[in-house]
Each structure stands twice: as structure tokens, then as C-alpha cells.
Amino acid sequence: MRMTKLFFQTLREAPADADVRSHQLMVRAGLVRQVGAGIFEYLPLGLRVKKKIETIMREEMDAIDGQEIVMPVVQPASLWKRTGRWYEIGDDLARLTDRAGRELVLAMTHEEVITELAGGVISSYRQLPVMLYQIQTKFRDEPRPRGGLIRVREFTMKDGYSFHPDISSLDEYYPLVYQAYFNIFGRAGLDVIAVESDTGMMGGTMAHEFMALTEVGEDTLLLCDACGYKANRQVATFVKADVDDQSEEEPLPLEEVSTPGVDTIAALARFLEIPESRTAKALFLVATVEEEGEEREQFVFVVVRGDMELNETKLTNALKARQLRPAQPEEIRAIGAEPGYGSPVGIRRDDVVLVVDDLIPGSTNLVAGANREGWHLWNVNCDRDFRPDIIVDVVAAADGHPCPICQAPLRSVRGVEVGNIFKLGTKYSEAMDATFLDEDGGSVPMVMGCYGIGSGRLIASAIETNFDDNGIIWPITIAPHQLYLVSLATRRTPEVTEAAEQVYCQLHEAGVEVLYDDRDERAGVKFNDADLLGIPIRLTVGARGVKNGVAELKLRNGDEVRELPLDDIVNQIQLIVDSETEAVLARVITEPLQ
RNA sequence: CGGGGAGUAGCGCAGCUCGGUAGCGCGCUUCGUUCGGGACGAAGAGGUCGGAGGUUCAAAUCCUCUCUCCCCGACCA
């Protein structure tokens, strides 16, 4: 591609609304532009990257017997009503009405359509298992898009769905996808780790997230450097007994203490000169739960130790709640508690579910609120002073907590979820009546798995982990072009133009992806754009070199400059392309899933 | 949805406090000189100052409403 023909623009300064580095670099390099909040357009160079990534996805999906299809973005609401998600999902699901008044949705994922499709085509166990995937636009009306391409509303996703005759078939297939995902990210030059994750609104029995470790990530992960334990904070556990154990103490009598204006745990610990671990934190929430097909709100009183944070995902799962929201002060007072001074001692229990973290029973003589403004209670003890309805782990693992496997301290890091895989089970096949006849002639719902990767996120994450002050540093496998050819010709050096043109044609014909900077620009401009665009191999043809029959080679990921003979340029470059490619592929992780 | 910030030329910004009819840098066009890490000179093009109302002789500037974008939080298959 000749730069003089290329539709692109590089910017010296990043747009003011780009905050994260990948976003800034992508706009500055002319890969993408932002159209609206969480809505982007891809320019030619950006699209080349996207296509390369998607080619890798296709190859890896095809390698595990995936078959590509395309499903619609705009779908009838009736499908979503059948699975109930029309009602369950809130404003994230974009809804619209057509001219005839029919309700439609913009697909945020494709379980409904694919399940109906599979149900319609598959009628016998002989047709199973099967894996279908697509690379398609999704729309999610996110409350707050952010981070450039990290969190957007419209995005492209590779989503795959597998259908199985039984769970063991899914269990056999799932690890293949797990490895295929490592292959995809590895081939794209992106380091990821896989962590167990919450199944969330997808339902299902097992799920993994593939995380790119970067500061701009929205998820927190807990890793154990000693034994390799790793999990999303949403599900991470830790050994609580080792965190400030107090189980040996004798329970002491309750005692009121005046604590005027002390309405946070931190203030309480400071005021009474005790560690936060000697306090009990009361949290008031309202859960939406389903009972006999009816949704209702349930007041939930949660007690965790003062030095712990509530993990809402764990709580949601423990309650099997649809939703959780903080309780209003009036609702808190209605059960006889006081915001800022809450404790489970002496509250009205009729309509309250009391959830107690499993660390509380072993923690004696805690300081808790007195349900009276300005007062706390010394020596609150579980069971003696209050009876929990549920005792369960509901606190978040944090940096330094003991690993649940080996007790070494956990390390917390930020990550971007670039892909995920789920064992869905039969949630959707039952709802959509996607059944088949098994060997015994029985009608059985198919067992499903689903597997997603966001293209844009993958690109943004690749940049977040590969850049320097001058710009992007692409892995050669996903770079928009493999080689950036700089011509330093001027009007007085036609021989340089001629040499550069010749090199361009030769490389192009040999199949090397060349971005040829034939612009009438100064050397500095070209070199800076080459760096900003991050093309892995830079080849410079200038008067000095042409005189000696050489061109200059520099790799974007290094500083070394060396000369290559012009008369052997194609071979030389192909060797470099190959070795750069191999260097990326050498890092693909093989990680069997237990 | 709560809190904070910002909308002035393609990009980055000044001007607003104290109203007087819009400016700087980069980029862009033309000509000349230059030519190995973002050149120099000269001459240009380009803006309903996010939008709508209002106050005023006069509004980028003051008032009201509204839209949009960014950040923190809530949320996040």
C-alpha cells in the first residue's frame, strides 16, 4: 500500500476525550475514530488489524470443528421473551419497534437465535456435538462506556456456541476451546491468563475468563505466585482462619459505648483504638428474588468483619438473587436499625434475611452498632446475640490474603476480560425447546457451551501491553502491515525513488505486506509515523544506501540498525518476517484444563 | 443514575471573571528555498463559538433550558 493513496491521518496530539493510552494511540495512528460514546469507526489500517485478529479466530475455531455462520443483529423480541431475558435484562438491552409496531432488540449476544437455529436443524444425537460460531456486531447499551475500545456499546465479537448430547460431551469439548483461546491470544501476541469466573447472567456451571493484565482493566484478579491459583475477585476465596484469628477468646458480656459521630468502620476503629478486624460491619441491601415465578424484594442484612469488603457477586449467588441494590435509610430504619450504627442485635427480624460471613462466628467480642445514633456495642458474638439465617462466604479476597490452596499471600492485579467461555448447560435449550432424540428415543434438551472474544478489546489490550513513547509496537501477527518502507528520495535523487519503487514491487510480489511511504515528506516525519503506526519491520531506502547497494533495516521492537543488500532484499526480509512471526508463536501457552 | 470536568477551525488550546462582532500552535493549500528523526520564508483557505430561548444598542462572554463527550462511582452477557 502506498501512503500517498492511503486513507489515513496521523495526529501529533491525541483528542482530549481519549484518556487511556490504547485509545490515544489508536486515534493518533489513524486506526479508529470515535463517533459517539462507545461507538467507533475503523479506518483502513485499523480494519486490517481487526481482520487479522479475526482470521486467527477463524482458524482456531475451525481447528476445533467450529463452523462459521452469521446471525442477525436485529432480532424479534419474542425470542428474548421465551428465555425471559426480555424481562430480566434491564436497559443494557436496546429495544426498538418497527413500523408495524413489532418489538425488536439489538442483539447483545446470540444465545436465543442460535439455540432456536440449532433446535430447528438438529433432531438426533447423531448430529451432535456441533460447534457454530460467528463474528458479528453486538450492541449493549452500557451505562458508561469507557477506556476507548476497552468498554464500548457497539462492538464486534467472535461468539461460538457448542451443542452436546450430554454434559460429558461438553466436558470433553470445553478444554479444547480453552486451549484454542490460548492459541488465539498467543498468536495475536497477547499474554493472557485464564481465571475461573462467575457465570453471571449467562447462567451455567463453569466459566473462565481470559484476562489481559493491564492497569486499565476493569476486573481485579487474585493470583498466587506460589501455587498458581488465580481467580477473578468476584469468585476468589481465601483462607480466613489465618486472617487475625480470634476464635480462642472467651465471649464477654454486651456493653454499650457512646461513639458520637462515629459512623464508619475506620472512624470506629480509630475512636476505640482497636483494629478494624475487631469490628463488625453491617450492610443493608435489598435483593430482588424470585419465588414461585413471582419477583419480590427482600431486605437483606449482611454482617462482615470490619476489615473485610463485601463481595456482592458472592452475596448475589448465595441469595440466588436477581438483583441487589443498597437499601434506603427509611428502609433501614423500618427494620429497627440505624444507618452508620447498624448491627443485627435487636433488629426486627420478620422480613429480614440475616446473612453472616463465615468469618463472623469465629470472631468473638466484636464491636458493632447499637442501632442507635451515636452508640455502639462491645462484645457482640454471633449465635449468642443474634441468629444468622445464612452463614456463607460473602467477602472479597484482597491483596495479601492467604491463598485458598497453599496459604501464600495472594497478589491482586487489574485485567481486561478479552474472552470468556461458559458451560451453559440446558438453560437456553430448555427455554427454546431445543431438544433431540437420544439413543433411547427420548427427547432431551441439548447441553450448551458458549465462547466469546471481543475483537476491539483484544486490539486495545494488545496495544496497552505493547507501546512506547513513540507509539504502538505491534506483534507482527496482527500488525496492519509487516513492513514499513521509507523512501528518502528527493527531486534530486531519482535513483532513490527508482530503488524504493523496485523494492516495493519486489516485496509486494513476494507477498510481504508493505506500507510504502512514498509521500513527499521529510525523513523525520516518515520515521515518526513509522514509529507511531508501530509496523514491526522498517526498511529505509536512501541516497547513502543506494550508492552502496543497501537498504537499512530497523525493527520497531529494538534499536539495532543494519544494512541489507538490495539485490537480496526479498529473501532477507522474508527471513525476518518468518523469525518475527516465530518469536510471537513461540509464546503461545499450552495449558491443559484440569 | 449520583459526583466532577469539558464543548470555540481537522487536532490541541487561549479568549469568558470585567459584553463591543474571534485568536494561537499543529495540520491543510500555493510558491520558493530545503531534504536521514516531526524544516524555513511568503501568501492563503477554513469557525452559525454544541443547540434553543432570554437580557442588552450589542452575547463566545451574562441568565434559563437542553444536547453531547470525558473521568470517578453505581452497573457490567
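Below, chains carry the letters A, B, ... as their sequence lines are ordered, and counting in each starts from 1. This structure is a prediction, so every number in the text was calculated from the model and none was measured.
At the heavy-atom level, A/E312 lies under 4.0 Å from the strands shown only through sugar-phosphate atoms. At a threshold of 4.0 angstrom between heavy atoms, the contacts of A/G148 with the nucleic acid are absent. Counting any heavy atom pair closer than 4.0 Å across all strands shown, A/A18 reaches no nucleic acid atom. When heavy atoms are screened at a 4.0 angstrom cut-off, A/N528 is found touching base atoms of the nucleic acid. As judged by a 4.0 angstrom heavy-atom cut-off over every strand, A/P143 is placed among the base-contacting residues.
Residues A/M446 and A/T426 share a closest heavy-atom pair of O-CG2, 3.5 Å.
When the P atom is used for both B/rG47 and B/rA58, the distance is 26 Å, rounded to whole Å. Nucleotides B/rA22 and B/rC13 are separated by 23 Å at their P atoms, to the nearest Å. Between the C1' atoms of B/rC71 and B/rG15, the separation comes to 26 Å (whole Å). Atom P of B/rC62 sits at a distance of 9 Å from the matching atom of B/rG19, rounded to the whole Å. Separation of the P atoms belonging to B/rC18 and B/rG25 is 29 Å when rounded to the nearest angstrom. Comparing B/rG12 with B/rU55, their C1' atoms sit 34 Å apart, to the nearest whole Å. Nucleotides B/rU66 and B/rC1 have their P atoms positioned 12 Å apart, rounded to a whole Å. Of the P atoms belonging to B/rG37 and B/rG46, the separation is 36 Å, rounded to the nearest Å.
At distances below 3.5 Å, at least one donor-acceptor pair connects side-chain atoms of A/N311 with backbone N or O atoms of A/K314.
Across all strands shown, B/rG46 remains unpaired; no Watson-Crick or G-U wobble contact has both distances below 3.5 Å. Across all strands shown, B/rG36 forms no Watson-Crick or G-U wobble pair with both key distances under 3.5 Å.
Taking A/E103 as the reference, A/K81 meet the salt bridge (charged side-chain N to carboxylate O under 4.0 Å, His left out) condition, with sequence neighbours excluded.
Listed nucleotides B/rG73, B/rC70, B/rG37 differ in distance to A/R146; the shortest reach to its side chain belongs to B/rG73. With distances taken from any side-chain atom of A/K554 to the nucleotides B/rC69, B/rA39, B/rG37, the minimum falls on B/rG37.
Note on A/E111 versus A/K427: no salt bridge recorded, every NZ/NE/NH1/NH2 to OD/OE distance being 4.0 Å or above. Comment: A/E218 engages A/R146 in a salt bridge, judged by a side-chain N to carboxylate O separation of less than 4.0 angstrom.
Residue A/R492 has a polar side-chain atom (N or O) positioned under 4.0 Å from OP1 or OP2 of B/rU34. Residue A/R28 places no side-chain N or O under 4.0 Å from the OP1 or OP2 atom of B/rG12. Contact between the side-chain N/O atoms of A/Q34 and the OP1/OP2 oxygens of B/rC70 is found at a separation under 4.0 Å. Contact between the side-chain N/O atoms of A/R522 and the OP1/OP2 oxygens of B/rA39 is found at a separation under 4.0 Å.
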A correct 5'-to-3' footprint of nucleotides 23-32 of chain B, with B, S and - meaning base, sugar-phosphate only and no protein heavy atom under 4.0 Å, is --BSS-----
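Annotation: of the two residues near RNA chain B, A/I453 and A/D19, the 5′-most nearest-nucleotide partner is A/D19. Two residues, A/G147 and A/N420, neighbour RNA chain B, and the one matched to the more 5' nucleotide by heavy-atom proximity is A/G147.
The ring of A/H110 has its center no closer than 6.0 angstrom to the ring center of A/Y161.
Every pair passing salt bridge (Lys or Arg N to Asp or Glu O under 4.0 Å) that includes a residue from residues 483-504 of chain A is listed here, sequence neighbours excluded: A/R2-A/E501.
Residue-to-nucleotide contacts include no donor-acceptor pair under 3.5 Å from the side chain of A/R144 to the base of B/rG2.
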